[in-house]
Trainee: 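I have a structure I would like to understand better, so I am pasting it below and will then ask my questions one at a time.
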There are 2 protein chains.
Amino acid sequence: METKPKVTIDDVARKAGVSKSTVSRIINNVTGVKPYTKLKVNRVIEELGFTPNITARSLKTKLSRQIALAIDDIRNPYYPELAWAAEQVAKENNFRLVLINHYGNPSEELAVIKEASDMRVDGIVLLSISHPKTLTKVIKEAAVPVALIGNYPEDMPADWVGLRENEGYLAMDHLIRIGRRRIAFAGNTTLHRGDRYTAYVQSLASHFIDFNRSLVYTGERLAIDTGLEAARYFYHLNEKPDAVFAANDLVAIGVAQGLIGLGLRVPEDVAVVGIDNIPWCTLTTPKLSSVSNLVAEMGRIAVEKLILRIGEESKAYERIVLEPRLIVRESTVKQM
Amino acid sequence: METKPKVTIDDVARKAGVSKSTVSRIINNVTGVKPYTKLKVNRVIEELGFTPNITARSLKTKLSRQIALAIDDIRNPYYPELAWAAEQVAKENNFRLVLINHYGNPSEELAVIKEASDMRVDGIVLLSISHPKTLTKVIKEAAVPVALIGNYPEDMPADWVGLRENEGYLAMDHLIRIGRRRIAFAGNTTLHRGDRYTAYVQSLASHFIDFNRSLVYTGERLAIDTGLEAARYFYHLNEKPDAVFAANDLVAIGVAQGLIGLGLRVPEDVAVVGIDNIPWCTLTTPKLSSVSNLVAEMGRIAVEKLILRIGEESKAYERIVLEPRLIVRESTVKQM
DNA sequence: CTGTTAGCGCTTTCAG
DNA sequence: CTGAAAGCGCTAACAG
């Protein structure tokens, strides 16, 4: 590649008739430069199209103004949102984002942290799948600070931002509060997200609503067709539910669309709520009520904390536990 | 941040009793080092946990082994797949991927290209939305090579990989070939992807099948509920279609699920095909036949071309036009 | 307010 | 086969 002959700080200095220190001061906004000199140099910079060589600067300052975002797989549906938010904050603070997929491979993940030692990135935002113990060790050995996304032990040597796991209760509370009593569950009762089912059962109990086995529809995958099947199932019950709590949005969308297809009205006849607040929630008719897991928020906060830590010296690690947020849309409450 | 005292090439040299040139030769696999020396030095490297400072190396070699992926918005559904593929190839070649969203903002996009001049990245993979003329100018001024994804003019000063726009014909050919004649269209007839509707009309014509206005269902958004509505519409026709060509996969999924909900069999009664081959195609029952737009393939190729160009000196620019690929699954052909 | 000077950690001729 | 020395482009004392 016939690289354009790069213009350096020396070129600018020479042409402007000053020393390179002066130029350096100007491009770094160091106070105490005579306005006239500044003007003169800036003109030359403009003229020559000079832009500082960040690599050289990094070598000196030991800061690359790059941070890594290490996640298991960007194709995972939540991550684009997260990556986006992270990049926003990074950009606002003049940092760049390097994307690293570690594929849920612990050794790969740990390698990523070590790699950072070679001074390419100033910090790492990590969604870890490693054992906290191993992770702790590697973080301690790392040359740069790490900010974690997810729920971790209290004593992690890193800032982290996680999420309280009460999404299910939020969704159920909402349905009960709007007066529904025959609330059905659609989804998986055993998956690692089975705690959503637990939330279903416990919410009923704490509101003295009888649990009714026939109102539970279990599907394998938490996808749209499971929701559609659930809708068909609920529709043919003698006593139809007046609300459905779906284990995630995909199922909820299937349920809502399925019920509508069968002639019921949502939310009038049946209210439907999902969990995750995926972008599609606003693309369906009616728009889906859901519980946001604040993935963008977590990305944003993690980067903010990381950048703070890169800047300042040591201070106590922060753990931030976000509260999932219920977002009421048309599938549970008729909008005016 | 109390950075661990970094061990440098000098530390290794001193401890191993050799010069740093020798260490440099060893870590760069330069031939002509006495095996014994090599062994000795490698042991010290291991012992000290030395890893070369890439920033310093970059300053010298003028290569950062980083490439930028500049897209408009990672949250766009195709990009994660693309970003993933790009990162794969990058990693295989020992490059890192820096993610940059330019938000379909031409000036931002062009700024990205210029920024690369500051030597942080060795090349850029770009999904451009700028005018080819402006783009050409900026690319020519850029200090690093650019590889483009999408369809561009022949005379672009960059390698590019695009896609032939015959997805619609592929889908229609398939339906006709499996013997369907009452083929319906579901989607948008005017959108910028309206050429899919054109493909529908022209395919019918070239196979001497009469066009039937009542077999066209037009919805605003290319989303699932449009498909569900279309299904209801088709279901209530006196003469139902025996196949549906949907403008994209979301609509196709809606159509298929809707028809099944109404009691029809897919593909026996109605074959359904979509376009885009989104991951969900394999998550529905039946699995959806679709036309892949090879987004991962494009990401892969773009990075490959870019890396080749970073390595070698000038050579003729390549334009690669990929053929969309029909992927037959259960929604059009009954699987054994 | 500005210039001189000494590196940051590495690669790379050029000698030996 | 190995070492000495120069320098990539920049920043940051330290003098003046």
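Residue numbering restarts at 1 for every chain, and letters A, B, ... go by the order of the sequence lines.
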Trainee: Taking N and O atoms by type only, does the side chain of Ser24(A) place a donor or acceptor under 3.5 Å from a partner on the base of dA12(D)?
Mentor: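 Flag unset: no donor-acceptor pair detected.
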Trainee: For the pair made of CZ in Arg65(A) and C1' in dC10(D), what is the distance, rounded to whole Å?
Mentor: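 Arg65(A) atom CZ is separated from dC10(D) atom C1' by 16 Å.
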Trainee: Could you tell me the separation between the CG atom of Asn29(A) and the C1' atom of dT11(D), rounded to a whole number of Å?
Mentor: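 After rounding, the gap between these two atoms is 15 Å.
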Trainee: Based on the rotation axes of five pairs at each end, what angle does the helix from dC1(C)-dG16(D) to dG16(C)-dC1(D) bend through, to 10°?
Mentor: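 End axes: 40° apart.
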Trainee: Quick one: pull up CG in Leu99(B) and CD1 in Ile71(B) and give me the separation to the nearest 0.5 Å.
Mentor: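 So the CG of Leu99(B) and the CD1 of Ile71(B) are separated by 5.5 Å.
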Trainee: Does Asp73(B) have any side chain to side chain donor-acceptor pair (under 3.5 Å) partners at least two apart in sequence or in another chain, and if so, which?
Mentor: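 Checked Asp73(B) against side chain to side chain donor-acceptor pair (under 3.5 Å); matches are Arg75(B).
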Trainee: Is Thr61(A) near enough to dT11(D) that one of its side-chain N or O atoms lies under 4.0 angstrom from OP1 or OP2?
Mentor: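 Checking Thr61(A) against dT11(D): no side-chain N or O falls below 4.0 Å of OP1 or OP2.
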Trainee: Taking atom C1' of dC10(C) as reference, at what distance in whole Å does atom CG of Asn28(B) sit?
Mentor: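 It is 9 Å, rounded to the nearest whole Å.
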Trainee: Under the salt bridge (charged side-chain N to carboxylate O under 4.0 Å, His left out) rule, collect the residues that match up with Asp11(B), sequence neighbours excluded.
Mentor: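 Salt bridge (charged side-chain N to carboxylate O under 4.0 Å, His left out) list for Asp11(B), sorted by chain: Arg14(B).
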Trainee: Could you give the CD1-to-C1' distance, from Ile9(A) to dG7(D), as a whole number of Å?
Mentor: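 Result: 16 Å.
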Trainee: Any side-chain N or O of Thr22(B) under 4.0 Å from OP1/OP2 of dT2(D)?
Mentor: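 Checking Thr22(B) against dT2(D): no side-chain N or O falls below 4.0 Å of OP1 or OP2.
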Trainee: Detail all sub-3.5 Å separations between protein N/O atoms and N/O atoms belonging to nucleotides 6-8 of chain C.
Mentor:
residue: dG7(C); atom: N2; partner: Lys60(A); partner atom: NZ; Å: 2.9
residue: dG7(C); atom: N3; partner: Lys60(A); partner atom: NZ; Å: 3.1
residue: dC8(C); atom: O3'; partner: Lys62(A); partner atom: NZ; Å: 3.2

Trainee: From CZ of Arg14(B) over to C1' of dA4(D), roughly how many Å is that when rounded to an integer?
Mentor: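 My rounded result for the distance is 16 Å.
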Trainee: Arg25(B) has an atom CZ; how far is it from atom P of dT12(C), in whole Å?
Mentor: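 Whole-Å distance recorded here is 11 Å.
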Trainee: Output a table of donor-acceptor pairs, distance under 3.5 Å, between side-chain atoms of residues 31-47 of chain A and any protein atom two or more places apart or on a different chain; print 'none' if there are none.
Mentor:
residue: Asn42(A); atom: ND2; partner: Lys38(A); partner atom: O; Å: 3.3
residue: Glu47(A); atom: OE2; partner: Lys15(A); partner atom: NZ; Å: 3.1

Trainee: Could you state the atom-to-atom distance from CD1 of Ile27(A) to C1' of dC10(D) in whole Å?
Mentor: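 Nearest whole value for this atom pair: 8 Å.
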Trainee: For Lys91(B), is the NZ atom crowded, meaning more than 12 foreign heavy atoms sit under 6.0 Å from it?
Mentor: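 Buried by this count: over 12 neighbours within 6.0 Å.
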Trainee: Who passes side-chain contact (heavy atoms from CB on, under 4.5 Å) against Lys20(B), sequence neighbours left out?
Mentor: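 Expected list: Ile9(B), Asp10(B), Ala13(B).
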Trainee: Which residues in residues 33-50 of chain A have a heavy atom closer than 4.0 Å to any atom of DNA chain C?
Mentor: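 The answer is Val33(A), Lys34(A), Thr37(A).
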Trainee: Restricting to pairs with a member in residues 295-305 of chain A, which pass salt bridge (charged side-chain N to carboxylate O under 4.0 Å, His left out), not counting sequence neighbours?
Mentor: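 The answer is Glu297(A)-Arg300(A), Arg300(A)-Glu304(A), Lys305(A)-Glu318(A).
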Trainee: Kindly write out the residues that satisfy side chain to side chain donor-acceptor pair (under 3.5 Å) with Glu109(A), not counting sequence neighbours, or none if the list is empty.
Mentor: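 Applying side chain to side chain donor-acceptor pair (under 3.5 Å) to Glu109(A) gives Ser128(A), Ser130(A).
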Trainee: By the 4.0 Å heavy-atom rule, please label Ile26(A) as base, sugar-phosphate, or nothing.
Mentor: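 Nothing: the residue Ile26(A), judged by heavy atoms under 4.0 Å, touches no strand.
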Trainee: My understanding is that only residues two or more places apart in sequence, or in another chain, count here; which of them pass side chain to side chain donor-acceptor pair (under 3.5 Å) with Gln66(B)?
Mentor: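 Here the qualifying residues are Gln66(A).
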Trainee: Atom CG of Leu63(B) to atom C1' of dC8(D): distance rounded to whole Å?
Mentor: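 Distance check: Leu63(B) CG to dC8(D) C1' gives 13 Å.
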Trainee: Under the rule for side-chain contact (heavy atoms from CB on, under 4.5 Å), what residues qualify as partners of Pro157(B), not counting sequence neighbours?
Mentor: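 Once residues adjacent in sequence are excluded, the partners of Pro157(B) under the side-chain contact (heavy atoms from CB on, under 4.5 Å) criterion are Thr136(B), Ile139(B), Lys140(B), Tyr317(B).
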Trainee: Supply the atom-to-atom distance Asn293(B) CG to Leu322(B) CG, rounded to the nearest 0.5 angstrom.
Mentor: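 The CG atom of Leu322(B) is 10.0 Å from CG of Asn293(B), to the nearest 0.5 Å.
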Trainee: Give every residue pair that meets the salt bridge (charged side-chain N to carboxylate O under 4.0 Å, His left out) criterion with at least one member in residues 153-164 of chain B, sequence neighbours excluded.
Mentor: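 Residue pairs with at least one partner in residues 153-164 of chain B: Glu154(B)-Arg319(B), Asp159(B)-Arg309(B), Arg164(B)-Glu323(B).
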